[in-house]
Novice: 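The structure follows.
Just so we're clear, the structure is a prediction, and the values are computed from it rather than from any experiment. Throughout, a chain's letter reflects where its sequence line sits, starting with A, and its residues are numbered from 1.
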There are 4 protein chains.
Amino acid sequence: MRSEGSPSGRKRNPIIEEARRRQIVDAAIETVAEVGYAHASLARIAQRAQTSKSVVSYHFAGKDELLEQVVTQIYGDSWAFIEPRLVAQSSAAGKLAAYIESNIAYMHARRAHLLAVVDVVGNHRTADGRLRFEPSTDESVLALLGEILRTGQRDGEFRDFDPRLVAVTVSQAIIGVLGAWVADPTVDLTAYAAELVTLFDRATRSQGRTT
Amino acid sequence: MRSEGSPSGRKRNPIIEEARRRQIVDAAIETVAEVGYAHASLARIAQRAQTSKSVVSYHFAGKDELLEQVVTQIYGDSWAFIEPRLVAQSSAAGKLAAYIESNIAYMHARRAHLLAVVDVVGNHRTADGRLRFEPSTDESVLALLGEILRTGQRDGEFRDFDPRLVAVTVSQAIIGVLGAWVADPTVDLTAYAAELVTLFDRATRSQGRTT
Amino acid sequence: MRSEGSPSGRKRNPIIEEARRRQIVDAAIETVAEVGYAHASLARIAQRAQTSKSVVSYHFAGKDELLEQVVTQIYGDSWAFIEPRLVAQSSAAGKLAAYIESNIAYMHARRAHLLAVVDVVGNHRTADGRLRFEPSTDESVLALLGEILRTGQRDGEFRDFDPRLVAVTVSQAIIGVLGAWVADPTVDLTAYAAELVTLFDRATRSQGRTT
Amino acid sequence: MRSEGSPSGRKRNPIIEEARRRQIVDAAIETVAEVGYAHASLARIAQRAQTSKSVVSYHFAGKDELLEQVVTQIYGDSWAFIEPRLVAQSSAAGKLAAYIESNIAYMHARRAHLLAVVDVVGNHRTADGRLRFEPSTDESVLALLGEILRTGQRDGEFRDFDPRLVAVTVSQAIIGVLGAWVADPTVDLTAYAAELVTLFDRATRSQGRTT
DNA sequence: GATGAATGAGACTTCATTCAT
DNA sequence: CATGAATGAAGTCTCATTCAT
């Protein structure tokens, strides 16, 4: 049980408190990345954070809350990286390319984040056995991509297709490229990203148009 | 272990033996599909197979071998379904379309197999924490797709691109579409498969060509 | 989780199984008697039964089932001792006296049973904090005593009073006498039992009657 | 601990100090009454007192001292209620009746006190597993009742019996009646108290006497 | 005077595996 | 061929207590 005296959940000294939580979440990310979700026990996470299981239990209501923080933090960080790069583009095709490239670039720089988020999202379940997070790809990501694609279709940049299907495909293609890099870190991820941009440009452009 | 040749009263019976193993592997598939890799204990698998843990341990060297059989069996079954449909196509583009459609069709008919194989492949690890299977997509699948794509490029059907990247993309796009269906079983998987074929046809065709 | 293969809950070899369960229940009784409910951990019980926690968990679904067995067993044993002594009496007054004396005699011979049953009944609670057993005195005991008292009133042996109140009082008086003996084992429990019989004889007899 | 005499800026304030302790003890009583001794953790008690564990630990040496205060306070309060009602009676029979009725009346008005004191007295143990308080009934209560009963015998009011046995019986009968009320709050506790007085009047009166 | 933070002991439970029959 | 029984490691979580501020 967390929160005593202050039912809001936040402690009186938010600075040290937040720092400790962040430190533990980071340790959890690294641990999941290294040994996988199934073997990422509180003991191992605590060990990496250089504390004890009790401290982890003190700062988080339980393993569930900790793992949810892992996902929340990675989603937040990656979005903070991607968003300005999207805003900088005015065309839909530009935004699509920027999304693909910045997403890959972010994970390129944080391999552990990639491994952890995929593992936790794909495995963390509620007591009744249902996945706690959206499977495969986050719903908000699909909504964003769908919006970009629909805008492009309205403006005549893109041909006619099912925006959701293409959004799913783009999303999974990115994961696939990242997965290939995880399996074999020698692949040139930047080149792959560029090729992916080309591929989806071709797949979505309306006929006869040129960049 | 009994001695071979069975000089004693009891007879070896490979048929019943194989049937038992298959029954247990099926139970394992269903269990993983239902409660997920992390909660698929031997006890639960045995319960679903209507036996006891001991029987499972008797027929398989351990949990590892059982889960490897799960993956092997699903890979084998799906390949048995897909291969004839590939052979029936002569063009590279035809083979690519056939691969996409038959792969999705197979999983469409066996939801539990899809859930189980994704879960086990993505989670089953060796004692030292490394994944026991190729991450994300099976290497042999990538080799097959790469071969089709390269043939198409050689014959002028396809434009110039990195075959491995496109192979990865095709593979992950299929998983993505299947994932969208798992998350929301009401999506029209057949329509999605057709759209996916169109999308990759556009993405790979050399300019100016038509079907 | 107990019971595998045989959903009934009983194992194939009921003899050895039942012996082990009994052994563990006995160890639980002694442990609760010695260190009290709150300190009677599975570890301590297992230690006294000369096994490990795992074995206890194997034979019982959990601590709850074990403690319920403790109470069930003691209730059953004591009733097996008391019943024939009740049947041997024809008059209501005789049955009342026999109940008091045999109840005290049984617990006199099994101090640990007395301590354990009082402790478990008074403390064992469900997850939501409610007592798992009837508080103070078992309802079936009160029903039995009430029946005896009502019969005595109908036959003119006993004066008019609230049968349930007197049943509760008899029940608690027995516990009180036993409690006095637990606190100070030098008290003459047999003499106390006899005095208790006299006391309730006086309190219940109809005026003018004699034994 | 600060030095005495408080030479520094802060002043010792025994009033606020005592109020705080009382507030915490009250919270402990309510908590034990609600969730039982075994689940009455310092955290839960602090939560109900609207403070934190640290505050509780600051005001009491430990959980032990707090629970001892719970018992002491309830014993004290109940005696303050009962004593004047005893003094008001001149005959031994009158005192006995007054004791029974005022005891029940007090607990009738404070259900939580009843539940808490029974639970703590029956469960609180020292490190070596021995009960910290007298089991069942307080020794001073038995002494008081014994004194009343002996006086009554000396004056010829009561017949000859073992005073301690009857004291124990009276004490437990009261607990029994209260227990019946706790189990079923709809029972008419006042009527039960009156019946109890009658019952023990009959059981103790010397022959041929009348009120 | 008071408290947020930390901590280690110990609680219950689940699990994969082994062994004698 | 099959299984009931046993087992120890490891998991998550709760708790009373202590300490620096």
Novice: Select one nucleotide: of F:dT17, E:dT13, E:dA6, the one nearest the side-chain heavy atoms of A:V55.
Specialist: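 Of the candidates, E:dA6 comes closest.
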Novice: Report yes if the side chains of B:Q73 and B:I29 come closer than 4.5 Å at any heavy-atom pair, otherwise no.
Specialist: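 They are in contact (side-chain heavy atoms under 4.5 Å apart), so the answer is yes.
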Novice: Of all the nucleotides listed (F:dT12, E:dA16, E:dC12), which has the minimum atom distance to the side chain of B:S41?
Specialist: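 Selected nucleotide (nearest to the side chain): E:dA16.
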Novice: Reading DNA chain E from 5' onward, which residue's closest nucleotide shows up sooner: B:A38 or C:H39?
Specialist: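 First, find each residue's nearest nucleotide; the 5'-ward one identifies C:H39.
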Novice: When you measure from the side chain of D:S52, which nucleotide among E:dA11, E:dG4, E:dA16 comes out closest?
Specialist: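 Minimum distance to the D:S52 side chain belongs to E:dG4.
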Novice: If you measure only the distance, is there a donor-acceptor pair under 3.5 Å linking the side chains of C:Q47 and C:R44?
Specialist: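 No donor-acceptor contact under 3.5 Å links the two side chains.
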Novice: Looking at side-chain heavy atoms only, is the closest gap between B:V32 and B:V70 below 4.5 Å?
Specialist: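 When only atoms from C-beta onward are counted, B:V70 and B:V32 do not touch, as no gap falls below 4.5 Å.
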Novice: Look at C:H59 and F:dA6 and indicate whether a side-chain polar atom (N or O) is within less than 4.0 Å of OP1 or OP2.
Specialist: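 So the side-chain polar atoms of C:H59 do come within 4.0 Å of the phosphate oxygens OP1 or OP2 of F:dA6, strictly under.
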Novice: Test side chain to side chain contact (heavy atoms under 4.5 Å, CB included) on A:N123 and B:D119; report intermediate values, then the result.
Specialist: CA-CA 8 Å; A:N123 286 295; B:D119 217 352; 3.4 Å; yes
Novice: I'd like to know if B:S54 reaches the base of F:dG4 with its side chain such that a donor and an acceptor end up less than 3.5 angstrom apart.
Specialist: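 Check passes, donor-acceptor contact within cut-off.
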Novice: Looking for any heavy atom pair under 4.0 Å, which part of the strands does B:S57 touch: base, sugar-phosphate only, or nothing?
Specialist: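 Answer is base: heavy atoms of B:S57 come under 4.0 Å of a base.
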Novice: Between C:G62 and A:Q50, which is nearer to the 5' end of DNA chain E once each is assigned its nearest nucleotide?
Specialist: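 Whichever sits nearer the 5' end wins; that is A:Q50.
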Novice: Look at the side chain of B:R20 and decide which nucleotide, out of F:dA16, F:dA2, E:dA16, has an atom nearest to it.
Specialist: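 For the B:R20 side chain, the nearest candidate turns out to be F:dA2.
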Novice: Both D:A61 and A:A43 contact DNA chain F. Taking the nearest nucleotide for each, which residue is further toward the 5' end?
Specialist: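 That would be A:A43.
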Novice: For F:dT21 versus E:dG1, give the span between their C1' atoms, rounded off to a whole number of Å.
Specialist: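 About 12 Å, rounded to a whole number of Å.
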Novice: Measure from the side-chain heavy atoms of A:Y58 and tell me the nearest of E:dG4, F:dC13, F:dT17.
Specialist: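 Nearest to the side chain of A:Y58 among the choices is E:dG4.
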